Structures are given as structure tokens and as C-alpha cells.
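Any value given below was found using the heavy atoms of this structure, including those in side chains, with hydrogens, waters and symmetry copies removed. Numbers for residues simply follow the sequence, beginning at 1. Since the model is a prediction, treat every value here as computed from it, not as a measurement.
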Amino acid sequence: MLLQLYKNNSPVMHFLTVIIAISLWLPIFGNPYWEPTIKSGSVVYYGLCQNTGLSAWTLQLIAFGLMLVEAFSLMLIDLRFIIMEKKTIMPPLFFVLIVSTLSVEHDLLPVMLANGFFILSMSKVLDTERHPNQSVFYFESGLFLGLATIIFPAVLAMMFVVFATQFILRYFDIREFLAAILGFVVPFLFYLAIMFLLNRADEFFDRIMRVFESADFNLDISMVQYVAIGYSALFILISILTMQQSIRIYKVSTRKYFALFIWLIITSIAAFFLLPCANIAILVFASIALTFIASMFFNEIHRKVIGEILLWLLIISAFLIIYFA
């Protein structure tokens with residue numbers, strides 16, 4: 001019943017998605033003294049937090065609002081670029097489920113701010129297929145990615161996703177490659193200029209080196225969480241393998257987007273293991289790809305009972321991961 005309502009694009013399911021999101025964040029909403037176990041973000045982010053004087057609980061509420069905005073923006077991106085052949089309102093649900101599982105342990109605001117810029121960056125890259133002046137769009141894409149990296153250093157790895165679009169979506173062009181790099185560097189030049197005006201230019205390079213510092217990462221996972229995470233991981237693997245087999249019957253543009261999603265997942269996994277500043281919060285960027293792949297998978301399920309069971313288990317798993325933390 002639940003899956004069928006989502007597949008029928010019933011507007012009421014938007015409200016259900018928001019209700020699920022609020023329910024998953026209740027452990028934070030109910031505790032005004034909440035503090036994250038695992039912190040992430042750059043020195044710039046923490047400097048801004050100190051200047052505003054906002055509590056960790058308030059900052060996490062802002063992160064919740066950003067999560068909802070970004071979740072529903074994915075549906076708008078799908079409508080704009082026709083990523084999936086069948087119209088669906090499922091992407092916000094899967095994005096909320098994935099991101100919310102990180103909320104209890106993590107300081108999500110820096111990664112949500114960075115992810116917002118990353119979504120803008122990818123939108124500019126996707127625009128290159130429909131507009132003649134691609135170099136400008138790659139410059140803007142690099143610019144947004146540079147802003148994201150200043151907030152959350154691990155986004156640096158996503159530059160490889162931008163470069164991959166030239167091989168996956170279109171063709172390699174050295175001018176667009178250089179435009180993306182130039183755009184990426186511009187925010188750092190402005191940051192250096194501001195530090196110079198404040199007579200703190202020497203701190204600039206010290207802060208940049210934070211990219212190579214190990215992030216705090218320590219999770220204490222219960223057996224129930226292991227089972228829930230195991231099911232979610234198994235579902236992700238099955239959905240990717242299933243779509244890998246059936247994607248060949250889709251139109252060319254959808255096949256290109258699917259290849260880009262796979263590259264985004266691979267890049268996120270590589271960043272987690274290779275970038276010292278990255279932690280499990282890097283999953284937020286991969287969730288964009290996982291969101292669309294899961295939506296494609298459920299759109300292709302013809303056995304309603306199996307689809308309903310899989311979807312309910314995903315939702316239940318998210319609640320188990322959070323409430324058994």
C-alpha cells in the first residue's frame with residue numbers, strides 16, 4: 001500500500017515523508033542539550049559557530065531543515081533533467097532515511113551545507129548537455145564545489161565526480177577541465193584575501209592542512225543496529241546489481257546518469273578510506289546516487305508484495321539504527 005501510493009505520486013506522501021523525518025529526529029528534538037558524538041567540518045565552520053553562539057542542538061535543527069530542502073530538491077532535479085523515465089516522488093524519502101541515520105551521532109550541519117553546494121555544482125554540470133557555453137557551467141560547478149570544500153573538507157574528493165562527467169555525459173575538453181579547476185580555486189583565493197586583511201594570512205595554510213588531519217570517528221554499534229545496517233547495505237547492493245542488469249533497456253541519458261551515480265558512490269567510498277578528514281558523514285554525498293538508484297529499483301518492481309516488504313524494512317531499519325543508538 002505504501003509503495004503503491006509513492007508510485008502513484010500521491011501528494012499526501014510528501015507529508016508522510018516529512019512526518020517520517022520528524023520521527024527519526026525526535027531523539028534530538030526532545031533533547032535541547034544534545035551534543036554530537038562525532039564532529040566534522042572545517043575550522044571555518046567552527047569559527048562561524050563560535051561567532052554566532054548557537055548551541056549544537058540549534059545547529060542540528062538547522063541541519064534538519066536543510067535536509068528536507070535538499071531532499072525535495074532532488075525530486076525537482078529529476079523533473080528538470082528527466083533522470084528517471086518514470087515520474088516518481090520517492091527520492092525525498094530515501095534521502096531522508098539515509099541522512100537521518102547519521103543525525104544522532106554526527107554534527108550534520110557542515111556536511112548538509114556542503115551537500116547543498118554540491119547539489120548546485122552537479123546541477124551546473126548537468127546543464128552542460130543543453131547549453132552551448134559549457135566552460136561557464138564548469139566554472140560555476142567548480143566554484144560551488146570550492147565553497148563546499150571550505151565548509152566540509154572531504155568534499156574535495158567530489159572534484160573527481162565533476163571531472164568524470166566529461167567522460168560519462170559528453171566528452172573531454174581541456175578548457176572545461178581548467179574552468180572547473182579555476183572555479184574551485186576562487187573561493188580559496190577570497191578566503192586567503194580575507195585572512196590577509198585580518199593580518200592572519202599565516203593561519204590560512206594551517207587551516208588548509210586540516211584536510212590531511214584525521215577526523216574524530218568512533219562508533220559504538222549495538223547488535224540491533226548491525227542487523228539494520230546489514231539489511232540496508234544488502235538492499236543497496238541488490239538494487240545496484242539489479243539496475244546494472246536492467247539499465248541497458250533505458251534511454252541513453254538515463255544510462256549515463258546511472259554510470260555517474262556509480263562513479264559518485266565509488267568516489268565517496270574511496271574518500272572515506274583515503275582522505276583523513278573524511279568520516280561516515282561522506283555517506284551524505286553518496287546518498288544522492290543511492291536515492292535515485294533505489295527509486296529506479298522500486299519503480300521496476302512488479303511484485304507488489306515484495307516491494308512493500310522491502311520498503312517497510314528499509315523504514316524500520318532507519319528507526320532501529322537511530323533509536324537503538
- May I have all residue pairs that pass side-chain hydrogen bond (donor to acceptor under 3.5 Å, both in side chains) and include part of residues 292-311, sequence neighbours excluded? Tyr250-Glu300

- Task: Just grab all the side-chain hydrogen bond (donor to acceptor under 3.5 Å, both in side chains) pairs involving residues 61-83, residues at least two apart or on different chains.
- Result: Glu70-Asn115, Arg80-Asp127

- Taking the side chain as C-beta and beyond, is there a heavy-atom pair between Thr149 and Phe117 under 4.5 Å? no

- Message: Which heavy atom of Met158 sits nearest to which heavy atom of Ser268, and what is that distance?
- Response: CE-OG, 3.8 Å

- Task: Not counting sequence neighbours, which residues clear ring-ring contact (aromatic ring centres under 6.0 Å, His included) with Tyr6? List them please.
- Result: none

- Item | Criterion side chain to side chain contact (heavy atoms under 4.5 Å, CB included) on Met296 and Ile83, from CA distance to verdict | CA-CA 10 Å; Met296 292 178 181; Ile83 294 176; 4.3 Å; yes

- Message: If the test is side-chain contact (heavy atoms from CB on, under 4.5 Å), which one of Leu145, Val155, Val161 qualifies with Ser121?
- Response: Leu145

- Taking every non-hydrogen atom, the tightest pair across Ser317 and Ala228: O-CB, 3.5 Å

- Message: If the condition is side-chain contact (heavy atoms from CB on, under 4.5 Å), which residues does Pro187 pass it with, not counting sequence neighbours?
- Response: Leu143, Leu147, Ile150

- Task: Starting at CD of Gln134, measure out to NZ of Lys124 and round the result to the nearest 0.5 Å.
- Result: 13.5 Å

- Which atom of Phe152 lies closest to which atom of Ala114, heavy atoms considered: CB-CB, 3.5 Å

- To the nearest 0.5 Å, tell me how far Ile82 CD1 sits from Ile77 CD1. 14.0 Å

- Query: Can you name the side-chain contact (heavy atoms from CB on, under 4.5 Å) partners of Lys87, sequence neighbours left out?
  - Reply: Asn9, Leu79

- Message: Walk me through whether Thr165 and Tyr138 qualify under side chain to side chain contact (heavy atoms under 4.5 Å, CB included).
- Response: CA-CA 10 Å; Thr165 59; Tyr138 271 98; 2.9 Å; yes

- Message: Ring centroids only, cut at 6.0 angstrom: are Phe177 and Phe163 within range, meaning strictly under it?
- Response: yes

- Counterpart residues, ring-ring contact (aromatic ring centres under 6.0 Å, His included), relative to Trp34 (two or more places apart): none

Name the atoms and distances for all side-chain donor-acceptor pairs under 3.5 Å in residues 284-291, with sequence neighbours left out.
from	atom 1	to	atom 2	distance (Å)
Ser287	OG	Val284	O	2.3
Thr291	OG1	Phe95	N	3.3
Thr291	OG1	Ser287	O	2.7

- Task: Quick one: list whatever passes side-chain contact (heavy atoms from CB on, under 4.5 Å) with Ile20, sequence neighbours left out.
- Result: Leu16, Leu24, Leu93, Leu97, Ile315, Phe319

- Please report the closest heavy-atom contact between Tyr231 and Leu310, naming both atoms and the distance. OH-O, 2.9 Å

- Message: Tell me every residue that passes side-chain contact (heavy atoms from CB on, under 4.5 Å) with Asp173, counting only those two or more places apart in sequence or in another chain.
- Response: Gln166, Tyr171, Arg175, Glu176

- Phe72 vs His14 aromatic rings, parallel, tilted or perpendicular, using cut-offs 30° and 60°? perpendicular

- Quick one: does Ser23's side chain have a donor or acceptor within less than 3.5 Å of a partner on Ile19's backbone? yes

- Query: Does the pair Ser55 and Gln60 meet the rule for a side chain to side chain contact (heavy atoms under 4.5 Å, CB included), with working shown?
  - Reply: CA-CA 9 Å; Ser55 66; Gln60 199 73 334; over 6 Å; no

- Query: Taking it one step at a time, do Glu105 and Ile280 satisfy side chain to side chain contact (heavy atoms under 4.5 Å, CB included)?
  - Reply: CA-CA 10 Å; Glu105 300 285 348; Ile280 197 66; over 6 Å; no

- Message: Using 0.5 Å steps for rounding, measure from the NE2 atom of His106 to the CD1 atom of Ile38.
- Response: 4.0 Å

- Message: Quick check: Phe298 with Phe235 (ring centres under 6.0 Å apart)?
- Response: yes

- Task: Taking the side chain as every heavy atom from C-beta outward, state whether Thr88 and Met75 have any pair of such atoms under 4.5 Å apart.
- Result: no

- Task: Look only at the side chain of Ser141 and the backbone of Phe137, and say whether a donor-acceptor pair between them is shorter than 3.5 Å.
- Result: no

- Item | Smallest separation among heavy atoms of Ile151 and Pro110, with atom names | CG2-O, 3.5 Å

- Query: How does the hydrophobic cluster around Leu241 look, that is, which other residues are in it when side-chain heavy atoms under 4.5 Å mark a link?
  - Reply: Leu237

- To the nearest 0.5 angstrom, please state how far the CG atom of Leu189 sits from the CG atom of Leu182. 8.5 Å

- Query: Got a sec, which pairs hit ring pair (Phe, Tyr, Trp, His ring centres under 6.0 Å) with one end in residues 251-271, sequence neighbours left out?
  - Reply: Phe261-Phe292

- Query: So do Thr17 and Ile89 actually touch side chain to side chain, heavy atoms under 4.5 Å?
  - Reply: no

- Between Phe172 and Phe167, how do the two ring planes meet: parallel, tilted or perpendicular, split at 30° and 60°? parallel

- Item | Interatomic spacing from CG in Leu108 to CZ in Phe64 - rounded to 0.5 Å | 12.0 Å

- Do Lys39 side-chain atoms and Asp107 backbone N/O form a donor-acceptor pair below 3.5 Å? no

- Message: Which residue is it: Ile98, Ile62, Val96? I am looking for the one with a side-chain contact (heavy atoms from CB on, under 4.5 Å) to Met67.
- Response: Val96

- Message: Clusters formed by hydrophobic residues whose side-chain heavy atoms approach within less than 4.5 Å: which one holds Leu274, and what are its other members?
- Response: none

- Query: How far does CZ of Phe81 sit from CG of Leu76, to the nearest 0.5 angstrom?
  - Reply: 11.0 Å

- Message: Just so I know, are the side chains of Ile262 and Ile293 near enough to count as touching, which here means a heavy-atom distance under 4.5 Å?
- Response: yes

